[in-house]
Amino acid sequence: MTAILQISNLSKTYASGLQALKPVNLDIQRGEIFALLGPNGAGKTTLISVICGLVRATTGSVLVDGHDIQRDYRSARSLIGLVPQELATEMFETPLATAAFSRGLFGRPPDPALIERVLRGLTLWDKRKDRIQTLSGGMKRRVMIAKALAHEPRVLFLDEPTAGVDVELRRDMWALVRELRDAGVTIILTTHYIEEAEEMADRIGVINKGELILVEEKSRLMAKLGSKTLTLQLQDPLALLPPELAQWQLTLKDSGHVLEYRFDTNAEENGIPGLLRRLHELGIGFRDLNTEQSSLEDIFVSLTGKRAEAAA
Amino acid sequence: MSAAFVAPRFNARAVWAIYRFELARFLRTVGQSLLTPVITTSLYFVVFGAAIGSRMGEIDGVSYGAFIVPGLIMLSVLTESINNAAFGIYFPRWTGTSYELLSAPISPFEIVCGYVGAAATKSIILGLVILATASLFVPLHIAHPLWMLGFLVLTALTFCLFGFIIGIWAQSWEQLQVIPMLVITPLTFLGGAFYSINMLPGIWKTVALFNPIVYLVSGFRWSFYGNADVAVAVSLAATFGFFAVCLSVVWWIFRTGYRLKQ
Ligand SMILES: Nc1ncnc2c1ncn2[C@@H]1O[C@H](COP(=O)(O)OP(=O)(O)O)[C@@H](O)[C@H]1O
Ligand SMILES: [Mg+2]
């Protein structure tokens with residue numbers, strides 16, 4: 001089977017002259033959960049907006065299940081559901097009316113039973129006749145999801161679905177995404193949390209400054225990204241690293257007060273017990289220690305760094 | 001889920017969805033939507049029809065109270081058409097919900113059909129309600145009822161299209177108000193709603209002929225009383241002309257994505 005989404009050479013330069021998206025080539029497979037991972041301003045929303053018809057592409061093309069998003073926009077868009085990043089609802093309407101409206105807008109015949117299922121699934125049924133204006137932020141977001149699902153899309157875009165969302169909704173959202181995937185819906189979500197991409201996705205695309213840096217199976221990417229840093233606050237500053245510690249490739253920071261050790265979380269031996277034992281033997285005491293996941297920034301540096309090496 | 005769903009050529013369901021959604025908004029506030037213009041019109045009749053009209057002679061053989069009815073209807077239909085249609089499309093832009101219109105499998109033509117159709121429906125209902133109100137104050141005679149309806153529908157559609165354009169152009173609530181207030185209201189008052197332009201002194205009569213609203217009011221009044229300031233064919237041509245201009249602008253807006261798409 002062909003990919004459900006075929007993105008070729010897609011780029012976007014806004015009227016301001018800013019190139020928000022460098023030419024992207026990407027295939028999304030039928031039924032997968034794909035996470036676009038990147039910091040704010042990376043171009044995630046821009047990419048989604050072009051595919052969904054909100055923004056014009058500067059170059060390139062997109063096929064949705066074989067339908068071109070420009071020449072054959074009716075067929076292409078019929079297959080797509082979009083939940084944008086920004087909260088935007090018809091304030092004076094009810095969840096029920098607005099979901100039924102969305103279904104009609106996508107050319108589908110009325111189906112009250114389906115709308116009821118969707119609203120119940122999002123715990124909106126009790127509030128179906130309330131004005132959206134009177135609902136909480138989390139509930140409004142659920143309304144937006146209900147609207148996107150009302151026409152039974154085959155491809156669902158969730159732009160930062162859990163940003164600024166409470167724990168309960170986040171949990172529900174993840175459950176919903178899995179449920180939809182089980183029903184055969186392809187899901188593309190954006191996030192700037194590594195943990196979220198890790199938790200949800202089958203494949204992850206890393207995007208930074210408008211460039212899709214790499215696309216990997218989640219497990220492979222996590223192996224690449226699986227480095228952590230152990231930081232030790234020393235009791236007495238060290239002037240020099242003792243040669244006995246050379247095998248750990250430590251760095252000394254903060255004029256000798258801090259020792260840093262980068263280790264691979266996926267390796268069988270992370271080397272920490274040995275390091276602590278050796279420090280004890282050498283009589284180097286520490287007041288505090290902690291470990292930290294490498295930040296998205298670190299990862300981009302290491303990824304782009306690696307790419308540069310490979311190219312050289 | 002039916003995977004074999006085929007997108008239709010004309011998304012009539014979408015047009016219907018927009019139309020119903022917009023009309024539902026109107027019906028929720030129908031009392032308020034109709035009460036204001038009905039009260040305003042009644043006041044006009046009290047002031048112009050009864051108080052002043054009794055001291056004015058007949059115009060072209062029609063009592064002054066009856067003479068102003070077509071102009072008053074036009075005044076309200078024009079203003080409400082522009083306001084309704086402008087608000088209808090500006091509101092989703094302002095709240096951000098217009099993302100859904102852009103991402104749905106609908107053509108610009110269908111979007112216009114839905115929004116302009118709904119706004120025009122409201123204006124036509126309003127026009128007929130004012131007509132009914134007027135009939136309580138003055139004996140009404142409608143010489144050409146079908147032409148009367150025709151002018152009403154065409155005017156409502158044209159000015160709803162015009163309002164739609166304003167609703168897409170406007171970047172703020174102030175801009176949304178400015179054209180109806182600064183341009184349309186004066187043009188309507190100077191457009192022969194309360195007098196025949198034949199009553200104007202020489203040069204002003206010529207100036208008045210540059211006011212498009214003169215043609216609308218004149219044609220509409222002809223459908224009531226059978227006499228007009230300008231030939232009916234000219235009125236009709238002018239109205240159709242403005243309709244065509246608005247339609248072209250809307251077509252251009254969607255072709256270029258003006259203020260809708262980056
Ligand atoms: N309408 C616009 N006009 C000009 N620049 C824009 C517009 N929308 C977004 N941008 C810019 O494009 C870049 C990518 O933005 P966006 O796609 O929203 O990133 P992300 O969703 O990853 O945070 C940012 O630098 C942003 O400021
Ligand atoms: Mg974004």
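Naming convention: chains lettered A, B, ... in sequence-line order (proteins, then strands); numbering from 1 in each chain.
Ranked by non-hydrogen atom pairs under 4.5 Å with chain A, the options B:Pro92, B:Ala104, B:Ala17 are led by B:Ala104. Of the residues considered (B:Thr97, B:Thr95, B:Ile18), B:Thr97 shows the highest number of contacts with chain A, using heavy-atom pairs under 4.5 Å.
Looking at B:Arg20, neither its backbone nor its side chain comes within 4.5 Å of chain A, counting heavy atoms on both sides. Interface remark: B:Ser98 contributes no atoms to any contact with chain A (heavy atom separation under 4.5 Å). Of the atoms belonging to A:Ser49, not a single heavy atom falls under 4.5 Å from chain B. Heavy atoms of A:Glu86 lying under 4.5 Å from chain B are absent altogether. With a 4.5 Å cut-off on non-hydrogen atoms, A:Tyr14 touches chain B through its side chain but not through its backbone. Contacts of A:Ile80 with chain B are absent, with no heavy-atom separation under 4.5 Å from either backbone or side chain.
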Might you work through the salt bridge (Lys or Arg N to Asp or Glu O under 4.0 Å) test for B:Glu80 and B:Lys122, ending with a clear yes or no?
CA-CA 8 Å; B:Glu80 288 302 304; B:Lys122 294 175 213 172; over 6 Å; no
For salt bridge (Lys or Arg N to Asp or Glu O under 4.0 Å), just list the numbers for A:Arg131 and A:Glu93, CA-CA rounded to whole Å, side-chain angles, deciding distance to a tenth of an Å, and then say yes or no.
CA-CA 5 Å; A:Arg131 273 188 176 209; A:Glu93 306 295 336; over 6 Å; no
Under the salt bridge (Lys or Arg N to Asp or Glu O under 4.0 Å) rule, what do A:Glu90 and B:Arg25 come out as? Steps first, then yes or no, please.
CA-CA 11 Å; A:Glu90 279 105 359; B:Arg25 186 155 56 75; over 6 Å; no
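Between A:Glu116 and A:Arg128 there is no salt bridge, since none of the side-chain N atoms of the basic residue sits less than 4.0 Å from a carboxylate O of the acidic one.
Side chains of A:Ser11 and A:Thr58: a donor-acceptor N/O pair is absent below 3.5 angstrom, by distance only. In this structure, a donor-acceptor pair under 3.5 Å is present between the side chains of B:Glu100 and A:Ser102.
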